[in-house]
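The next block holds one structure in the form of structure tokens; read it before the comments.
No experiment lies behind these values; they were computed from the predicted model shown.
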Amino acid sequence: KCDYFVREIEKNDACTLKVKQCYLGDVGCVVWDAAIVLAKYLETKQFYEPSSRVNVWADRRVLELGAGTGAVGLMAAALGAHVTVTDLEDLQTLLRLNIQENKALIDSGSITAKVLKWGEDVSDFLPPPHYILMADCIYYEQSIVPLVESLKLLSGPETCIICCYEQRTEGINPKVERQFFEVTTNLYFICEEVPADKQDPEFSSPDIHILHIRRNV
């Protein structure tokens, strides 16, 4: 049996996303700090400023990879995007539960959960989305090549990949991060780091980085 506990993420309009986490083992079952930083970044005024009628997310197709609890995708859907949150089969129950729990906050947007295993067929997720979101997906050496393969297959010339990760200094983490950037910043992609002043002033941290990655066209 899984014991759930809730992490609340307050939106700028004072509504609160309630994201269930799970004590049952694996990495996907909790809301990592990078997911909070990325979720709050989606609300910053370059994307979303209701008083000026700015909403980059309205009607955009968004795909979240390695969604875990679905926190980031839920924020995008609450801001008006049409979101597909993806992860492995064993996380689908948690994703669907969190979608159900936050239905009241999703008005003009939409959200569904699907299985996507990196490196495998992506035809169900095409045409390419406008945005691909990833929070803390760079930690497992064996997954780097299939992850980058999926990013290549999923992204079109207009797709912006927003990748948020916590820089970790212990163990194999620095090597895995280096591998990811070696593979992505080749001729295929262009990476640009988001400066701290473009991030949420409260929900940001010097060791959590946000990158915009685009196809080199």
Worksheet item: Do any N or O atoms from the side chain of Asp207 and from the backbone of Gln167 form a donor-acceptor pair under 3.5 angstrom?
Response: no

Worksheet item: Can you find a pair of side-chain heavy atoms, one from Gln21 and one from Leu94, that are under 4.5 Å apart?
Response: no

Worksheet item: Do Arg96 and Gln92 touch side chain to side chain, with heavy atoms closer than 4.5 Å?
Response: yes

Fill in: From Glu43 atom CD to Lys11 atom NZ, the distance as rounded to the nearest 0.5 Å
5.5 Å

Practice prompt. Please determine, by modelled atom types, if Asn98 and Lys18 share a side-chain donor-acceptor pair under 3.5 angstrom.
Written response: no

Worksheet item: Do Ile208 and Cys164 have side-chain heavy atoms sitting under 4.5 Å apart?
Response: yes

Fill in: In one Ile/Leu/Val/Met/Phe/Trp/Tyr side-chain cluster, 4.5 Å: Val176, Ile161
yes

Item to complete: Would you please test Thr84 and Glu64 for side-chain contact (heavy atoms from CB on, under 4.5 Å) and show each step?
Response: CA-CA 6 Å; Thr84 306; Glu64 186 183 1; over 6 Å; no

Worksheet item: Quick check: does any side chain N or O of His130 sit under 3.5 Å from a backbone N or O of Arg61, one acting as donor and the other as acceptor?
Response: yes

Worksheet item: How many angstroms lie between SG in Cys191 and CZ in Arg214, if you round to the nearest 0.5 Å?
Response: 11.5 Å

Practice prompt. Please check if the side chain of Thr44 supplies one atom and the backbone of Gln199 the other of a donor-acceptor pair under 3.5 Å.
Written response: no

Worksheet entry | Ser51 side chain to Glu49 side chain, donor-acceptor N/O pair below 3.5 angstrom | yes

Worksheet item: Step by step, would you call Phe47 with Trp57 a ring-ring contact (aromatic ring centres under 6.0 Å, His included)?
Response: CA-CA 7 Å; Phe47 293 114; Trp57 302 112; 5.0 Å; yes

Item to complete: State the CG-CD1 distance between Leu154 and Ile132, to the nearest 0.5 angstrom.
Response: 5.0 Å

Item to complete: Could you walk me through whether Phe203 and Tyr41 pass the side-chain contact (heavy atoms from CB on, under 4.5 Å) test, one step at a time?
Response: CA-CA 8 Å; Phe203 294 92; Tyr41 174 62; over 6 Å; no

Worksheet item: Honestly, is Lys152 close enough over Tyr188, meaning NZ or CZ under 6.0 Å from the six-membered ring centre and within 45° of the axis?
Response: yes

Worksheet item: Side-chain contact, heavy-atom cut-off 4.5 Å: Ile106 with Ile111?
Response: yes

Worksheet item: Checking Glu89 side chain against Val115 main chain: does a donor-acceptor pair fall under 3.5 Å?
Response: no

Fill in: Leu116 side chain reached by Val122 side chain, heavy atoms, under 4.5 Å
yes

